Amino acid sequence: NFRDQYDIFSPDELQFEEKIAEGFHMDAINAFRKSMEECFGSAEVVSWPIMCCKMKREKENPCLVFVGTEGALQGFVDNADVQEYLSISARHNFFRAWSTSKGKWLPRSQTFAWSNSKDLEEMAVLYSRDGNSSMTSMMKQSQFDREKTLGEQVKPHQQTRRNKVDLPGDLRTLGPFNIDRVLGHGRYSVVVLLENKAHQFALKMLTQER
């Protein structure tokens, strides 16, 4: 139930300091209200006012977060292994992120553009949205810090969430897959979920004893 997971309240209940309160920004609320008025009219927005929703309990996202200047991140995603890990395709001035569905959602993508050259020193964050589907996203670090909390820094050898797998036969043409998570365990086997952009497979791996 949505109300069991989220607190719902009016923006008027927030105590704003420098336009920010509990992760909500006054300018973002006003921009959303304006877009709703353009879509449905002012009278409808008055009848159905803008409300804020906040999770009652924090949700931990196990995926890696990459922090750096936009210029550094732009060079970072030019690497083919990085694009594979993040399920993105990079171009000169933008990158396209692909969703990896956890249910029956159709494949989707979203484009993120890099800033112009004078803003490439601004700090930004690459992270994975983790819900019904997973997709790489990017936002300014200032906004990320208002809305989210970074975990402890992870060293390269500690990161084991995803590993590459080359599938045999005709499936090899789809490229290497990432192991996203374990789906189940058996006495002599384990089943894992493989993902590569819009493609998903369940792979059964047998233990050596078997």
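Keep in mind that this is a model prediction, so the values were computed, not measured.
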Open item on the list: Membership question, hydrophobic clusters at under 4.5 Å side-chain separation (ILVMFWY): are Leu150 and Val125 in the same one?
Closed with: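 Hydrophobic grouping puts Val125 with Leu150.
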Open item on the list: Hydrophobic cluster membership, with links at side-chain heavy-atom distances under 4.5 Å among I/L/V/M/F/W/Y: are Ile50 and Tyr6 in one?
Closed with: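 Hydrophobic grouping puts Ile50 apart from Tyr6.
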TODO: Applying side-chain contact (heavy atoms from CB on, under 4.5 Å), run through Phe112 and Ile88 and close with a yes or a no.
DONE: CA-CA 10 Å; Phe112 296 88; Ile88 64 175; over 6 Å; no
- [ ] State, without any angle test, whether Ser89 and Arg96 hold a side-chain donor-acceptor pair at a distance under 3.5 Å.
- [x]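 No.
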- [ ] Using distance alone, with no hydrogens and no angle criterion, decide if Glu70 and Ser115 have a side-chain donor and acceptor under 3.5 Å apart.
- [x]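 There is such a pair (donor and acceptor under 3.5 Å, judged by atom type) between the side chains of Glu70 and Ser115.
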In Å, rounded to the nearest 0.5 Å, how long is the span from [atom1] of [X] to [atom2] of [Y]?
X	Y	atom1	atom2	value
Leu183	Lys204	CG	NZ	13.0 Å
Met139	Arg146	CE	CZ	9.0 Å
Ser142	His25	OG	NE2	8.5 Å
Lys148	Gln143	NZ	CD	8.0 Å

Heavy-atom pair of closest approach, residues [X] and [Y]:
X	Y	value
Met51	Ser10	CE-N, 3.6 Å
Leu126	Thr136	CD2-CG2, 4.2 Å
Pro49	Ser47	CD-O, 3.4 Å
Phe94	Ala113	CB-CA, 3.9 Å
Ile29	Cys52	CD1-SG, 4.0 Å

Taking the side chain as every heavy atom from C-beta outward, state whether [X] and [Y] have any atom pair closer than 4.5 Å.
X	Y	answer
Val67	Leu73	no
Ile20	Met26	no
Glu44	Glu37	no
Lys140	Met123	no

Task: Residue of the set Phe66, Trp114, Tyr127 for which side-chain contact (heavy atoms from CB on, under 4.5 Å) holds with Met138 - done: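 Looking at Phe66, Trp114, Tyr127, the match for Met138 under the side-chain contact (heavy atoms from CB on, under 4.5 Å) is Trp114.
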- [ ] Output, in order, the C-alpha distance, side-chain angles, deciding distance and verdict of side-chain contact (heavy atoms from CB on, under 4.5 Å) for Lys19 and Asp27.
- [x] CA-CA 7 Å; Lys19 295 187 176 183; Asp27 290 345; 3.3 Å; yes
Heavy atoms of other groups near [X] [atom1], more than 12 under 6.0 Å:
X	atom1	result
Phe16	CZ	yes
Phe40	CZ	no
Glu13	CD	yes

Open item on the list: side-chain contact (heavy atoms from CB on, under 4.5 Å) for Met36 and Arg33? Distances and angles first, verdict last.
Closed with: CA-CA 5 Å; Met36 293 299 99; Arg33 179 182 290 108; 5.8 Å; no
[Y] backbone acceptor or donor facing [X] side chain under 3.5 Å:
X	Y	result
Lys56	Arg3	yes
Asn61	Ser128	yes
Gln110	Ser137	no

Task: Ring centroid separation Phe9 to Phe24 under 6.0 Å - done: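 Close enough - the centres of the two rings lie under 6.0 Å apart.
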